Chemist: 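Quick one: the structure is below, questions incoming.
What you see is a predicted model, and the numbers here were worked out from it, not measured in a lab. One-based numbering, in listed order, for ligands and for the atoms of each.
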Amino acid sequence: MASDDRLRNFRSLGKKIMAVGRNYRALAAEQGNPIPEKPIVFMKPTTSYITEGQSIKIPLGCKTLFFEVELGVIIGRRCSKVQEQEVDDYIGGYCLVLDMTAQDFQRGAKAKGHPWCLSKGFDTACPVSDFIPKEKVKNYSDIELWLKVNGLIKQKSSTSDMIFSFPQVISYISSYITLEEGDVIITGSPAGAGPVEPGEIIEAGLADIMNIKFPVIAQ
Ligand SMILES: O=C(O)/C=C/C(=O)CC(=O)C(=O)O
Ligand SMILES: [Mg+2]
């Protein structure tokens, strides 16, 4: 397993940001989507990472930019076809992530059966916290995530509302795609995902372990 010192650098160490969509019952219900039978998997490029001190930039032509707070799992060592009961051996740590989504682009793409790449992968679409050491998250199956816009609470939920558990998600993805040291898997957004405007400030947190804050600006 990579050391915490190496994984602190996960944003440049990892090659992929894998993401699971529609993984919380309440969000699926809120958005009128059926519960998926298997995890819905997509990718965001690592060029979409930003860290605190940088701003979320609304992509060109986007009219509805949505926030989604998510718990990210950082892979500690290369793995493929991992059994669910072995998944914990490959978790190197965690991070708190905003899966920023150009919702109007995504809606248009979904209607035509086109990919979500631009709607989820534009520059600044993945604001991320610092590395969270593995031992700080005692129970990844029941930990609180919250998000505020301009101080008002918009999302507050527990990972216990996930449809597919961390072991199911990581095992499933690794049966098709080799996961490498520093890769991040973002595990889906709870209910309450919604729009943000230029000038607004997004704050999010993982229980009392990590807080992040990002301003939203126009191009
Ligand atoms: O329309 C859908 O099925 C899903 C939309 C999303 O943006 C999925 C996520 O990124 C999520 O649920 O976290
Ligand atoms: Mg998401």
Chemist: So, is Glu70 polar-close to ligand 1, with some N/O to N/O distance under 3.5 Å?
Modeler: yes

Chemist: Check contact between Tyr24 and ligand 1, using heavy atoms of the residue and a distance below 4.0 angstrom.
Modeler: no

Chemist: Is a donor on one side and an acceptor on the other found under 3.5 Å between the side chain of Ser174 and the backbone of Cys79?
Modeler: no

Chemist: Is there a salt bridge (Lys or Arg N to Asp or Glu O under 4.0 Å) between Lys213 and Glu52? Walk through the geometry before answering.
Modeler: CA-CA 7 Å; Lys213 191 174 190 176; Glu52 278 190 295; over 6 Å; no

Chemist: Just verifying a value: how many Å separate Ser158 OG and Leu71 CG, rounded to the nearest 0.5 Å?
Modeler: 10.5 Å

Chemist: Among all protein heavy atoms, pick the one closest to atom 2 (C) of ligand 1 and tell me residue, atom and distance.
Modeler: Lys110 NZ, 3.2 Å

Chemist: For ligand 1, does Leu27 get within less than 4.0 Å through its side chain, its backbone, both, or neither, judged by non-hydrogen atoms?
Modeler: side chain

Chemist: Where is the nearest protein heavy atom to atom 6 (C) of ligand 1: which residue, which atom, and how far?
Modeler: Gln106 NE2, 3.5 Å

Chemist: Return the name of the atom in Glu68, of element N, O or S, nearest to the Mg ion (ligand 2).
Modeler: OE1

Chemist: To 10 degrees, how wide is the angle OD2 (Asp99) to the Mg ion (ligand 2) to OE2 (Glu70)?
Modeler: 110°

Chemist: Check ligand 1 against Asp99 and write out every atom of the ligand that is under 4.0 Å from a heavy-atom position of the residue.
Modeler: 10 (O)

Chemist: Got the closest protein heavy atom to atom 12 (O) of ligand 1, with its distance?
Modeler: Arg22 N, 2.7 Å

Chemist: Who's the nearest protein heavy-atom neighbour of atom 7 (O) of ligand 1, and how far?
Modeler: Lys120 NZ, 2.7 Å

Chemist: Could you tell me the residue and atom name of the protein heavy atom closest to atom 4 (C) of ligand 1, and the distance to it rounded to 0.1 Å?
Modeler: Trp116 CH2, 3.6 Å

Chemist: Pick one: which of Arg78, Arg11, Lys16 meets salt bridge (Lys or Arg N to Asp or Glu O under 4.0 Å) with Asp183?
Modeler: Lys16

Chemist: Does ligand 1 have any atom that is closer than 4.0 Å to a heavy atom of Phe66?
Modeler: no

